[in-house]
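As the structure lists them, so they are numbered: ligands from 1, and atoms in each ligand from 1. The shown structure was predicted, so the numbers you read here are calculated from the model rather than taken from an experiment.
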Amino acid sequence: MKFVKQCIPDIIVIEPSLHGDTRGYFMETFRQDLFEAAVGHTVNFVQDNESKSSEGVLRGLHFQLAPHAQSKLVRVIEGSVLDVAVDIRIGSPNFGRYVTVELTAENNKQLFIPRGFAHGFVVLSETATFSYKVDNYYSPESDRGIAFDDPLLNINWRLSNEQLVLSDKDTKQPNLTQLPECFNYSTNYYA
Ligand SMILES: Cc1cn([C@H]2C[C@H](O)[C@@H](COP(=O)(O)OP(=O)(O)O[C@H]3O[C@H](C)C(=O)[C@H](O)[C@H]3O)O2)c(=O)[nH]c1=O
């Protein structure tokens, strides 16, 4: 299992080892000990989620406010997505910067997105099944979002706006600079 820190080092790509044989394959998809050694602190996942989406569906950019902020460990078990994580911690040297990673059922890559980041993905295949762990329970009253087409972020989603399919909620998200509240880089959201 490989752990690769990204250009925003809080964000980590995990590449499990796949063991193939004549029957198919086996892989350890999560190891608490190796994961926490790579992340550098305790992360207690409490909820598993799964969503299935058609080509062009864009879910995001979402986060939950503290004290319900969520870390996410995301992967694709069918199809392919472009996954995006945006640093929204005020005071961070990477504030407003983002990481994109293509996650597919073929490359088996996973992405760890810490608390303090907004997250979203767009489906590149005919359908994609997205499976992920979070370390805080769903809190609808704490659910917040940022516009996928925020000009400050200028995210390249690879598809044209005409190809994108969004929820009504995600067509009305504010830009990052319009958020009344988000995260501070100086706060330890894992304490
Ligand atoms: C997130 C969530 C949703 N729901 C219910 C609420 C709605 O009835 C339905 C769809 O919710 P929503 O439109 O918020 O789902 P997504 O657009 O996939 O939201 C997710 O999209 C991006 C990619 C994220 O990173 C977050 O995990 C999450 O915000 O599932 C639940 O019951 N539990 C949950 O944890």
Side-chain angles (χ1 to χ4, degrees), residues 6 8 10-14 29-30 35 39 43-89 94 96-105 109-150 153 155-159 161 163-176 178-183 189-190:
Q6 300 301 292
I8 299 175
D10 315 79
I11 298 174
I12 300 173
V13 167
I14 296 106
T29 52
F30 179 72
F35 175 77
V39 170
V43 179
N44 294 313
F45 292 112
V46 296
Q47 180 178 312
D48 278 358
N49 297 331
E50 179 176 311
S51 65
K52 180 165 185 175
S53 312
S54 304
E55 187 166 6
V57 166
L58 191 160
R59 295 178 185 253
L61 296 155
H62 301 159
F63 63 96
Q64 290 190 171
L65 287 174
H68 304 282
Q70 295 173 317
S71 306
K72 297 166 187 170
L73 179 57
V74 306
R75 70 187 184 114
V76 167
I77 55 179
E78 173 265 327
S80 61
V81 310
L82 183 71
D83 202 86
V84 178
V86 185
D87 190 345
I88 59 173
R89 300 169 299 176
N94 294 303
R97 294 183 65 219
Y98 62 90
V99 166
T100 61
V101 181
E102 190 166 334
L103 305 176
T104 79
K109 286 184 180 179
Q110 304 177 18
L111 190 63
F112 174 66
I113 301 128
R115 296 176 177 179
F117 286 73
H119 173 245
F121 66 87
V122 64
V123 176
L124 303 175
S125 48
E126 187 176 343
T127 61
T129 303
F130 195 80
S131 178
Y132 57 115
K133 297 177 175 300
V134 293
D135 67 345
N136 239 331
Y137 295 111
Y138 178 52
S139 168
E141 65 279 357
S142 307
D143 191 37
R144 296 291 186 277
I146 299 169
F148 76 98
D149 57 354
D150 182 332
L153 304 180
I155 296 170
N156 177 4
W157 292 100
R158 293 201 197 164
L159 304 182
N161 282 5
Q163 292 176 290
L164 297 177
V165 178
L166 291 92
S167 64
D168 184 54
K169 172 182 77 170
D170 286 345
T171 61
K172 301 168 181 169
Q173 301 288 11
N175 289 334
L176 179 55
Q178 297 167 318
L179 283 178
E181 53 206 326
C182 57
F183 297 92
Y189 291 98
Y190 291 92

- Plane angle bin for H119 and Y132 - parallel if under 30°, tilted between 30 and 60°, otherwise perpendicular: tilted
- Query: Using the ring of each side chain (for Trp, its six-membered ring), is F45 parallel, tilted or perpendicular to F30, with breaks at 30° and 60°?
  - Reply: perpendicular
Quick one: look at [X] and ligand 1, take heavy-atom pairs under 4.0 Å, and tell me if it's side chain, backbone, both or neither.
{"X": "H62", "answer": "side chain"}
{"X": "K169", "answer": "side chain"}
{"X": "F130", "answer": "neither"}

Looking at [atom], would you say a protein heavy atom lies below 4.0 Å from it?
{"atom": "atom 7 (C) of ligand 1", "answer": "no"}
{"atom": "atom 10 (C) of ligand 1", "answer": "no"}
{"atom": "atom 30 (O) of ligand 1", "answer": "no"}
{"atom": "atom 17 (O) of ligand 1", "answer": "yes"}
{"atom": "atom 33 (N) of ligand 1", "answer": "yes"}

- Item | Nearest-0.5 Å distance, CD1 of residue I77 to CG of residue L103 | 12.5 Å
Atoms in ligand 1 flagged as close to [X], the criterion being non-hydrogen separation under 4.0 Å:
{"X": "F121", "result": "23 (C)"}
{"X": "H119", "result": "23 (C), 24 (C), 25 (O)"}
{"X": "Q47", "result": "35 (O)"}

- Query: S142 and Q64: side-chain donor and acceptor closer than 3.5 Å?
  - Reply: no
- For N161 and Q163, test the side chains for any donor-to-acceptor distance below 3.5 angstrom and give the result as yes or no. no
- Query: When you check the gap from the basic side-chain N to the acidic O, do E102 and R158 get nearer than 4.0 Å?
  - Reply: yes
- Message: Considering non-hydrogen atoms of the protein only, which is the closest contact for atom 24 (C) of ligand 1, and what is the distance?
- Response: K72 NZ, 3.6 Å
- Item | Nearest-neighbour protein heavy atom for atom 15 (O) of ligand 1, which is reported as residue plus atom name and distance | R59 NH1, 3.9 Å
- side chain to side chain contact (heavy atoms under 4.5 Å, CB included) test vs V122 passes for just one of L58, V57, V165, V81, namely L58
- Query: Just by modelled atom types, is the I11 backbone N or O under 3.5 Å from a matching donor or acceptor in the Q6 side chain?
  - Reply: no
- Quick one: does Y132 get an N or O within less than 3.5 Å of an N or O on ligand 1? yes
- Task: Search all heavy atoms of V84 against all heavy atoms of Y98 and return the closest pair with its distance.
- Result: CG1-CD1, 4.0 Å
